Every structure is written in C-alpha cells, then in structure tokens.
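Let me begin by presenting the structure, written as structure tokens, before commenting on it.
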There are 2 protein chains.
Amino acid sequence: MRKKTRENTNESAVTRLRQAGLRPTRQRNELADLLFRDGNRHLTAETLHAEAVNRGIRVSLATVYNTLHQFTHVGLLRQVMVDATRSYFDTNTVEHQHFYYEEDGTLADIPGSDIGVANVPDAPNGTKVSRVDVVVRLRRN
Amino acid sequence: MRKKTRENTNESAVTRLRQAGLRPTRQRNELADLLFRDGNRHLTAETLHAEAVNRGIRVSLATVYNTLHQFTHVGLLRQVMVDATRSYFDTNTVEHQHFYYEEDGTLADIPGSDIGVANVPDAPNGTKVSRVDVVVRLRRN
DNA sequence: CAATTACTTTAGAATTATTCTAATGTAACT
DNA sequence: AGTTACATTAGAATAATTCTAAAGTAATTG
Ligand SMILES: [Mn+2]
Ligand SMILES: [Mn+2]
Ligand SMILES: [Zn+2]
Ligand SMILES: [Zn+2]
C-alpha cells in the first residue's frame with residue numbers, strides 16, 4: 001500500500017521539473033503528470049485545464065497557461081501552429097510531423113518519421129533555421 | 001489621360017471577382033486591387049485595412065475580414081498559419097512553402113519551389129490530403 | 001430605367017483566447 | 001523558524017476576430 005502523502009506525487013515529474021530548473025510545485029507536478037504519464041499528447045490550455053479540474057486537481061487556467069509556456073521554454077513541450085483560433089502543445093519534442101484533421105481540429109503525429117523534407121534551401125543571410133514544420137491537412141472524404 | 005470615374009476601377013479586379021462569383025463592389029474591387037496589383041503578398045487583416053485607409057479607401061475592418069475570407073473560399077487567397085496571434089493571408093495560391101522570420105513575424109515564399117516533401121504517408125482511412133504545409137522557421141544569428 | 005430583391009457594408013457590441021496585475025501562498029535557503 | 005524568491009490565482013484587461021441588425025448598393029425584373 002502506497003503512501004498517499006504529498007511526498008508521493010509522481011517522482012518522475014518532480015525529477016523532470018528539477019532537471020529543467022523549475023520548482024516542483026503542486027500544480028506543476030500534477031500538470032506534468034497529466035501531460036507525460038500517458039505518452040504523447042496534443043492539447044490546448046483549455047483542454048488540459050478541463051482535464052485537471054475533472055480529476056480534482058485544483059489549478060487555475062492562468063497557471064495552466066503559465067506552465068505550458070514554461071514547459072515549452074525549457075524544452076519539455078513544443079508548440080504547434082495549425083489552427084488560427086487555438087494553440088496546441090505537443091508532448092513529443094522529437095522532430096516529427098503532423099496530420100491535422102481539419103473537420104474536428106485534431107492533431108496526430110505522422111508515424112515513423114517517414115516524411116523527408118528535401119532540398120531545404122539555405123537560410124537567408126544572417127539567419128539560421130530554428131525548425132521545419134510540416135503539417136499534412138486532412139479532410140474526410 | 002484616363003477616366004477617373006467609377007467605371008475605371010481596375011478592370012482586372014472586377015473580372016477576377018466576377019469569375020469567382022463575387023459581386024464587384026467598391027470595397028472588394030479596391031481591396032482586390034491592393035492585394036493583386038503588386039504581386040505576391042503576405043498580410044493580415046489589420047495590415048490590409050491600414051493600407052487601404054492609408055490610400056484613402058473607405059472600408060471597415062469587418063469588411064476586410066469578410067473579404068479576405070470570401071477570397072479565400074473562392075481560391076483567390078490562401079490562409080497561412082504560422083503565428084498563434086495573427087492570421088496571415090497569401091496572394092500566392094500555387095503550392096509553395098514559407099520562410100517565417102520568428103523575430104519580426106514576417107513571411108516569405110521559399111523561392112524556386114525547391115523543397116520536396118518526400119514520403120508523405122498515405123492519408124489515413126476515410127481521409128484525403130487537402131494540403132501539405134511546410135514552414136521553415138528562421139532566427140537571426 | 002424605376003421597382004424589387006438579394007446581397008453587402010458597417011458601427012459597435014460581443015466573443016474567445018490569452019495575458020496581465022497585484023495580492024496571497026509556497027518552496028528554497030539561511 | 002525566519003527570510004526571500006518564486007509561483008499561483010481571481011479577476012480585469014487586451015487583442016484578434018466575429019456577430020448583429022440597420023442602412024446601402026448591385027443585380028434583376030417588368
Ligand atoms: Mn505527439
Ligand atoms: Mn486570439
Ligand atoms: Zn506531435
Ligand atoms: Zn506565400
């Protein structure tokens with residue numbers, strides 16, 4: 001029987017945060033747990049907040065936004081731009097590409113990193129490539 | 001010396017609109033003129049509205065939004081998603097890719113359509129690819 | 001070429017996603 | 001334990017975009 005005390009909160013989340021130089025606070029621990037426990041996820045701040053509240057985690061929407069941005073800055077998350085109205089965060093920070101289901105606004109990793117982006121031209125003078133994003137937009141047929 | 005009458009408004013814009021099944025109204029004519037006269041452009045609604053007002057064209061911001069979306073629906077424009085806070089419209093509707101200058105929020109076409117996206121996987125069951133977007137994000141170095 | 005109809009424009013209000021503020025709480029350090 | 005630095009939060013504020021419904025204009029009709 002495990003302890004149910006505060007000390008018990010997901011140790012790997014705490015470690016992850018410490019390594020990233022972020023204080024492992026209660027809300028950061030619990031959000032990290034939601035984000036990383038069940039593998040790769042693509043979600044919005046609203047989505048994550050709803051999920052947290054749903055599981056009885058008390059955290060404000062502002063903190064969810066703060067946390068998602070902090071996690072992104074330290075490289076635990078990556079932000080994906082596919083929809084003008086929502087901002088998606090991705091727990092998969094390895095280089096990969098996305099399918100975007102336009103109808104339902106859903107994102108999915110393209111399996112097997114098979115897409116190759118060939119002949120990416122040199123970055124213009126004085127610039128360097130920070131990232132190459134590929135989004136394959138899908139429609140139901 | 002050209003006529004300065006209403007009849008004189010950019011005939012190609014009028015034709016373009018008629019072909020697209022849109023009524024050539026004064027504001028649509030003038031916006032189409034701004035958009036397509038000077039070649040390829042990447043702009044936001046606010047940008048276009050400011051430019052219009054600047055040239056003495058009287059048009060509301062709501063109409064600029066309406067018009068940009070209508071033009072997009074009929075294929076005269078294409079919407080590009082690169083920044084969570086702004087929505088860009090592109091007068092180049094031919095398949096091509098973009099450089100995005102993260103610092104100044106500027107978009108540019110990648111010249112010579114040299115980028116090849118290889119091994120795009122089959123669209124999942126019941127879906128078809130509507131578009132493949134490639135954005136090369138650049139940072140100053 | 002008026003009258004009628006259908007579509008368009010617009011000001012301003014409303015909505016939505018996100019950020020800010022400044023007060024309160026908690027983690028880390030001494 | 002006390003102090004300090006950083007984090008959380010409610011609610012207000014902002015910014016981009018959309019909506020509403022009233023007034024205007026283009027197209028069609030007789
Ligand atoms: Mn993923
Ligand atoms: Mn927004
Ligand atoms: Zn992903
Ligand atoms: Zn372009």
Side-chain angles (χ1 to χ4, degrees), chain A residues 5-7 9 11 13-32 34 42-50 52-53 56-74 76-77 79-89 105, chain B residues 5-7 9 11 13-32 34 42-50 52-53 56-74 76-77 79-89 105:
Chain A
T5 68
R6 179 67 203 303
E7 307 306 313
T9 25
E11 189 52 41
V14 174
T15 308
R16 208 188 296 260
L17 291 171
R18 281 242 155 72
Q19 284 179 339
L22 293 172
R23 283 191 186 175
T25 65
R26 176 174 58 76
Q27 15 291 82
R28 291 210 275 229
N29 292 339
E30 291 173 319
L31 291 176
L34 284 182
H42 301 91
L43 35 75
T44 66
E46 290 278 0
T47 297
L48 179 58
H49 182 246
V53 167
I57 299 171
R58 283 187 54 261
V59 59
S60 74
L61 181 56
T63 297
V64 172
Y65 272 106
N66 290 339
T67 302
L68 287 173
H69 285 131
Q70 291 152 354
F71 283 15
T72 300
H73 280 123
V74 301
L76 292 175
L77 290 177
Q79 204 168 353
V80 184
M81 230 94 270
V82 277
D83 177 348
T85 64
R86 300 164 185 289
S87 204
Y88 285 87
F89 293 85
Chain B
T5 67
R6 177 68 202 301
E7 307 306 316
T9 24
E11 188 52 40
V14 173
T15 308
R16 207 187 296 260
L17 292 172
R18 282 242 154 73
Q19 283 180 341
L22 293 173
R23 282 191 186 174
T25 66
R26 176 173 58 75
Q27 14 295 80
R28 290 210 275 232
N29 292 340
E30 290 172 321
L31 292 175
L34 284 181
H42 301 91
L43 35 74
T44 67
E46 288 278 0
T47 298
L48 179 58
H49 182 246
V53 167
I57 299 171
R58 285 185 52 259
V59 60
S60 74
L61 181 56
T63 296
V64 172
Y65 273 105
N66 290 340
T67 301
L68 287 173
H69 285 130
Q70 290 154 354
F71 283 15
T72 301
H73 280 123
V74 301
L76 293 175
L77 290 177
Q79 202 168 353
V80 183
M81 230 94 270
V82 278
D83 177 348
T85 65
R86 300 164 185 289
S87 204
Y88 284 88
F89 293 85

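As a basis for the values below, the full set of heavy atoms in this structure was taken, side chains included, without hydrogen atoms, waters or symmetry mates. Chain letters run A, B, ... following the sequence lines, proteins first, then strands; residues in each count from 1. Model, not experiment: these values are computed from the prediction.
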### Query
Can you tell me how far CD of E11(A) sits from CZ of R18(A), rounded to the nearest 0.5 angstrom?
8.0 Å
### Query
Is the phosphate of dT8(C), meaning OP1 or OP2, less than 4.0 Å from a side-chain N or O of R28(B)?
yes
### Query
Taking five pairs at each end of the helix from dC1(C)-dG30(D) to dT30(C)-dA1(D), what angle separates the two helix axes (nearest 10°)?
30°
### Query
For L61(B) and dG12(C), what is the distance between atoms CG and P respectively, to the nearest whole Å?
13 Å
### Query
Can a side chain N or O of Y65(B) be found less than 4.0 Å away from OP1 or OP2 on dT18(D)?
no
#### Entry: Distance in Å, T67(B) OG1 paired with F89(B) CZ, rounded so as to fall on 0.5 Å steps
10.5 Å
## Note on the structure
Q70(B) CD to dT17(D) C1', in whole Å, measures 15 Å
### Query
When L31(B) is tested against each of L48(B), N66(B), L68(B), I57(B) for side chain to side chain contact (heavy atoms under 4.5 Å, CB included), which residue passes?
L48(B)
### Query
Between dA7(D) and T25(A), is there an OP1 or OP2 to side-chain N/O distance shorter than 4.0 Å?
no
## Note on the structure
Atom CG of L22(A) and atom P of dA5(D) are separated, to the nearest Å, by 19 Å
### Task
Would you tell me if any nitrogen or oxygen in the side chain of Q27(A) comes within less than 4.0 Å of OP1 or OP2 on dT26(C)?
no
### Query
Expressed in angstrom and rounded to an integer, what is the separation of H49(A) atom NE2 from dT8(D) atom P?
13 Å
### Query
Which atoms form the tightest heavy-atom contact between R86(B) and T44(B), and what is the distance?
CB-CG2, 4.2 Å
#### Entry: For atom CG of L68(A) and atom P of dA17(C), their distance in whole Å
15 Å
### Summary
Per atom distances to the T63(B) side chain, the nearest of dA7(D), dA16(D), dT10(C) is dT10(C)
### Task
Kindly say if H69(A) contacts the phosphate of dT19(C), meaning a side-chain N or O under 4.0 Å from OP1 or OP2.
yes
### Query
Between V74(B) and L22(B), what is the shortest heavy-atom contact and its length?
CG2-CD1, 4.2 Å
### Message
Taking any heavy-atom pair under 4.0 Å as a contact, classify S87(B): base, sugar-phosphate, or nothing.
### Response
sugar-phosphate
### Task
Calculate the interatomic distance between L17(B) atom CG and dC7(C) atom P; express it in whole Å.
17 Å
### Message
Rounded to whole Å, please give me the gap between CG in N66(B) and P in dT20(D).
### Response
13 Å
### Query
Are side-chain heavy atoms of L61(B) and E46(B) found at a separation under 4.5 Å?
yes
### Task
Report yes if the side chains of T25(A) and T63(A) come closer than 4.5 Å at any heavy-atom pair, otherwise no.
no
### Task
Answer yes if the ring centres of H49(B) and Y65(B) are under 6.0 angstrom apart, and no otherwise.
no
### Task
State whether S60(A) places a side-chain N or O below 4.0 Å from either non-bridging phosphate oxygen (OP1 or OP2) of dT9(D).
yes
For nucleotides 28-30 of chain C, tabulate all protein N/O to nucleotide N/O atom pairs closer than 3.5 Å, reporting atom names and distance.
unit_1: dA28(C); atom_1: OP1; unit_2: R18(A); atom_2: NH2; d: 3.0

### Atom-pair distance (CZ on R86(B); P on dA16(D)), nearest Å
6 Å
### Message
Restricting to non-hydrogen atoms, name the atom on L76(B) and the atom on A20(B) that form the minimum distance, rounded to 0.1 Å.
### Response
CD1-CB, 4.3 Å
### Task
Using modelled atom types only, decide if a donor and an acceptor are shared between the side chain of R26(A) and the backbone of R58(A) within a distance under 3.5 Å.
yes
